[in-house]
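Right, one structure below, let's go through it.
Basis for what follows: all heavy atoms, side chains included, without hydrogens, waters or symmetry-related copies. Lettering of chains follows the sequences in order, A, B, ..., and the numbering in each one begins at 1.
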2 protein chains.
Amino acid sequence: MTTSATLLLQPVDACCAPAGEDALDASQAEDVAKVFKALGDPTRVRLLSLIAASPTGEACICDLTAPVGLSQPTVSHHMKQLVDAGLAVREQRGKWAYYRANFTALTASSRALNPA
Amino acid sequence: MTTSATLLLQPVDACCAPAGEDALDASQAEDVAKVFKALGDPTRVRLLSLIAASPTGEACICDLTAPVGLSQPTVSHHMKQLVDAGLAVREQRGKWAYYRANFTALTASSRALNPA
DNA sequence: CAGTCGCATTGACATCTGTCGATGTATCGA
DNA sequence: TCGATACATCGACAGATGTCAATGCGACTG
């Protein structure tokens, strides 16, 4: 993987993007698009919403297949996409794999695109 | 087109989503995903960023082809995607078609997914 | 230890997507 | 009126994407 992660590791003393109000360059745009692309599928939006709306704030694959009406491999595949984009965090506990939502990546990308 | 637009036309007295903190249903997820999907391509992210960073806040196709290094039909195609998603507004003035960025759709979708 | 359960991976497939060249359509200028 | 300009649309094509059934792999349970 060639993630540059320049969006998530902002210097603390910077308000927004390092360059201020200029347009994003190709590399920055790629990082931003990666996050949005993961949210560009209704199923993944639904999965993340389900996880976030869960009482415990987390969910395993077996809890998610029924609500979205898709097969287990498909749900697993989608969750991998979300994890790769930094929008979900996976934690293995015994037999189960628990996922939590992480909206930090979303707000970071949104702010990179629209520093307003 | 079957846009339900339930995200952009929130009642003014509602803080966030009509149903509060429940998970998004399939229809809502589709609307949210449509916006994010439009931003799921690095070129479109770049285009929107270029427009927003422009001094006048708007740009025509001919100003955008060079920075992204793509053909005119391709840029036109991408801009149509952004307009359809509500992220850009097109205005024809004489020979030129001017585009402005509209981040309202982005913040609405973000808030629908993460009301926090 | 054998069986079951939860999940990831693989392979396959139909569909969608980004891109281009060619062409069509207004609009402006000479 | 004729040519040039700006843009959209069309047709085509390679590559990416979402989905499933089948399989593999750990972890728990009897």
Review point. Which of these, B:T43, B:I61, B:V83, sits in a side chain to side chain contact (heavy atoms under 4.5 Å, CB included) with B:H78?
Key: B:T43
To the nearest Å, give me how far apart [atom1] ([X]) and [atom2] ([N]) are.
X     : N      : atom1 : atom2 : result
B:Q81 : D:dT9  : CD    : C1'   : 14 Å
B:D84 : C:dG18 : CG    : P     : 12 Å
B:E91 : D:dA8  : CD    : P     : 13 Å
B:E58 : D:dA6  : CD    : P     : 16 Å
B:F36 : D:dT17 : CZ    : P     : 18 Å
B:K95 : D:dA6  : NZ    : P     : 5 Å
A:W96 : D:dT29 : CH2   : C1'   : 11 Å
B:L70 : D:dC7  : CG    : C1'   : 16 Å

Check your understanding: Rest of the hydrophobic cluster containing A:Y98 (Ile/Leu/Val/Met/Phe/Trp/Tyr, side-chain heavy atoms under 4.5 Å)?
Key -> A:W96
**Study point:** side chain to side chain contact (heavy atoms under 4.5 Å, CB included) assessment of B:R100 paired with B:E91
**Key:** CA-CA 8 Å; B:R100 288 194 318 275; B:E91 182 190 356; 3.5 Å; yes
Exercise for review: Evaluate the side-chain proximity of A:F36 to A:L113: yes if any heavy-atom separation is below 4.5 Å, no if none is.
Suggested key: yes
Review point. Do B:L39 and B:R44 have side-chain heavy atoms sitting under 4.5 Å apart?
Key: no
Check your understanding: Where along residues 37-48 of chain B does a heavy atom fall under 4.0 Å from DNA chain D?
Key -> none
Revision key, fill the gap. Residues in residues 71-80 of chain B with a heavy atom under 4.0 Å of DNA chain D, by number, are B:Q72, B:P73, B:S76, B:K80
Practice item. Have a look at B:Y98 and say if it touches a base, only the backbone sugar-phosphate, or nothing, with a 4.0 Å heavy-atom cut-off. Key: nothing
**Study point:** Donor on one side chain, acceptor on other, A:S110 and A:T107, under 3.5 Å
**Key:** no
Review point. Distance check: side-chain N/O of B:Y99 vs OP1/OP2 of D:dC7, anything under 4.0 Å?
Key: no
Review point. Are B:R90 and D:dC7 close enough that a side-chain N or O sits under 4.0 Å from OP1 or OP2?
Key: no
Practice item. Considering only NZ, NE, NH1 and NH2 on the basic side and carboxylate oxygens on the acidic side, decide whether B:K37 and B:E30 come within less than 4.0 Å. Key: no
Point to revise | Stepwise side chain to side chain contact (heavy atoms under 4.5 Å, CB included) check, A:S71 with A:T65 | key: CA-CA 6 Å; A:S71 71; A:T65 52; over 6 Å; no
Point to revise | Spacing of CD belonging to A:Q28 relative to CG belonging to A:D22, to within rounding of 0.5 Å | key: 9.0 Å
Review point. A:Q92 or B:C60: which one's nearest nucleotide on DNA chain D is closer to the 5' end?
Key: B:C60
